[in-house]
2 protein chains.
Amino acid sequence: MESQDLKKLGLKATLPRLRILQLLENSLQRHKSAEDVYKELLECGEDVGLATVYRVLTQFEAAGLVIRHHFENGLSVFELNEGYHHDHLLCIRCGKIIEFIDEKIEQQQRDIVQQHGFEITDHCLYIYGICPKCQKS
Amino acid sequence: MESQDLKKLGLKATLPRLRILQLLENSLQRHKSAEDVYKELLECGEDVGLATVYRVLTQFEAAGLVIRHHFENGLSVFELNEGYHHDHLLCIRCGKIIEFIDEKIEQQQRDIVQQHGFEITDHCLYIYGICPKCQKS
DNA sequence: ATGTATGCAAAACATTTGCACCTGG
DNA sequence: CCAGGTGCAAATGTTTTGCATACAT
């Protein structure tokens with residue numbers, strides 16, 4: 001029962017919020033733009049406004065439920081926050097996204113931040129390239 | 001004589017292009033949005049259009065003269081491409097940007113890309129935090 | 001001279017906001 | 001019932017485009 005999860009965050013369990021959460025949880029494509037979410041909801045016959053999608057995703061982000069990324073094309077995408085940090089490897093041809101985590105890189109980052117006396121709040125590493133499939137075609 | 005540099009790239013050495021290039025080369029603040037560039041040119045008494053700034057920066061990017069970044073606020077900033085790759089450490093309070101390069105991180109990235117069979121085209125690492133000065137105030 | 005680049009205004013996008021209506025607890 | 005949430009349309013901020021004019025070669 002996801003209604004409970006939302007209420008814990010101080011958010012009413014409304015239909016749009018539940019639908020958006022379900023969509024993010026059950027979709028194969030983990031990374032979606034607001035527009036993607038909106039279109040998919042319409043396709044499912046849900047009557048929702050694009051503004052609401054933005055509002056809900058922003059609230060979810062504030063609540064730590066989702067993470068927002070700005071990939072290099074300038075578009076924002078959202079993904080469910082499953083609690084473990086990870087970085088991204090993206091294919092610029094087909095859009096495939098691979099998530100990875102590398103402890104050595106994480107450690108080096110902590111060292112660098114410390115050398116400069118910063119308090120780290122967030123970090124993101126995007127690697128862009130061409131995946132094996134797209135290299136062949 | 002920078003006109004030559006532009007001509008080599010197949011770009012006519014026009015006034016707006018020269019001015020924008022100079023601005024990027026001579027400014028202390030290496031990272032600027034299109035709007036920043038536009039305003040600074042106007043302040044210098046240059047009569048230039050914002051559209052031209054965007055066009056020129058985009059051409060410069062295509063020519064490899066500048067690099068475009070999309071920081072997490074969603075704004076694009078441009079910096080002169082001085083030929084050496086580097087990553088960025090940013091203060092979310094005061095906007096300070098520190099450039100760094102860490103060979104271990106670079107090596108780990110190459111390993112990861114290779115493990116997944118990708119051909120790397122680009123990569124960027126942004127670390128966000130609070131700088132020493134802003135921690136005190 | 002002539003093809004390219006520019007400035008301006010309008011268009012195109014992505015995202016946010018105001019407001020009257022609706023809904024969950 | 002009523003605070004908070006929603007849909008719609010309008011506003012915003014950024015970036016792009018169309019077009020007549022101006023400029024570099």
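Letters A, B, ... mirror the listed sequences (proteins, then strands); counts begin at 1. Being a predicted model, the structure only gives us computed values, none of them experimental.
Atom C1' of nucleotide D:dT6 and atom CG of A:Leu18 are separated by 14 Å, given to the nearest angstrom. The distance from atom CZ of B:Arg19 to atom P of C:dG7 is 12 Å, rounded to the nearest whole Å. Rounded to a whole Å, the OH atom of A:Tyr54 is 13 Å from the C1' atom of D:dG13. Between the P atom of D:dT14 and the CG atom of B:Leu57 lies a distance of 15 Å, rounded to the nearest Å. To the nearest angstrom, C1' of C:dT15 lies 10 Å from CZ of A:Phe78. Following rounding to the nearest Å, B:Glu35 (CD) and D:dT16 (C1') show an atom-to-atom distance of 14 Å. The nearest whole Å value for the distance from the NE2 atom in B:His70 to the P atom in D:dT14 is 14 Å. Atom CG in A:Leu50 sits about 16 Å away from atom P in D:dA10, given to the nearest Å.
Hydrophobic cluster membership of A:Tyr84, counting Ile, Leu, Val, Met, Phe, Trp and Tyr whose side-chain heavy atoms lie under 4.5 Å apart directly or via other members: none, as it forms a cluster of its own. Other cluster members for A:Leu18: A:Leu6, A:Leu9, A:Leu11, A:Ile20, A:Leu21, A:Leu23, A:Leu24, A:Val37, A:Tyr38, A:Leu41, A:Leu42, A:Val48, A:Leu50, A:Val53, A:Tyr54, A:Val56, A:Leu57, A:Phe60, A:Leu65, A:Val66, A:Phe78, A:Leu80, joined by side-chain heavy-atom distances under 4.5 Å among Ile, Leu, Val, Met, Phe, Trp and Tyr.
Applying the side chain to side chain donor-acceptor pair (under 3.5 Å) test to every pair with at least one member in residues 4-18 of chain B, sequence neighbours left out, gives these pairs: B:Arg17-B:Gln59. Screening residues 39-52 of chain B for side chain to side chain donor-acceptor pair (under 3.5 Å) gives B:Arg19-B:Glu46, B:Lys32-B:Glu40 as the qualifying pairs, with residues at least two apart or on separate chains. Screening residues 2-23 of chain B for ring pair (Phe, Tyr, Trp, His ring centres under 6.0 Å) gives no qualifying pairs among residues at least two apart or on separate chains. Pairs of residues two or more places apart, or lying in two chains, that qualify as ring pair (Phe, Tyr, Trp, His ring centres under 6.0 Å) and include a residue from residues 115-137 of chain B are B:His69-B:Tyr126, B:Phe71-B:Tyr126, B:His85-B:His123.
Using a 4.0 Å cutoff on non-hydrogen atoms, the parts of residues 41-48 of chain B near DNA chain C are B:Asp47, B:Val48, ordered by number.
You'll find the side chain of A:Glu106 reaches within 4.5 Å of the side chain of A:Asp87, heavy atoms only.
When the nearest nucleotides of DNA chain C are assigned to B:Gly10 and B:Tyr38 by heavy-atom distance, the more 5′-ward of the two goes with B:Gly10.
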Problem set entry | Nucleotide-resolved protein contact map, nucleotides 18-25 of chain D, B/S/- at heavy-atom distance under 4.0 Å | B-----BS

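Taking the C1' atoms of five terminal pairs at each end of the helix from C:dA1-D:dT25 to C:dG25-D:dC1, the two resulting helix axes are inclined by 30°, rounded to 10°.
Among the atoms of the strands shown, only primed sugar atoms or phosphate atoms (P, OP1, OP2) are found under 4.0 Å from some heavy atom of B:Ser76.
Under the side chain to side chain contact (heavy atoms under 4.5 Å, CB included) criterion, A:Lys96 pairs with A:Cys91, A:Cys94, A:Ile98, sequence neighbours left out. The side chain to side chain donor-acceptor pair (under 3.5 Å) test applied to A:Ser33 returns A:Asp36, not counting sequence neighbours. A:Asp111 is linked by a side chain to side chain contact (heavy atoms under 4.5 Å, CB included) to A:Gln107, A:Gln108, A:Gln115, counting only residues two or more places apart in sequence or in another chain.
Listed pair A:Thr58 / C:dT15 fails the phosphate criterion, with no side-chain N or O lying under 4.0 Å from OP1 or OP2.
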For this session: Show the numbers, then the answer: is there a side chain to side chain contact (heavy atoms under 4.5 Å, CB included) between B:Gln109 and A:Ile105?
Result: CA-CA 8 Å; B:Gln109 287 185 37; A:Ile105 289 180; 4.0 Å; yes

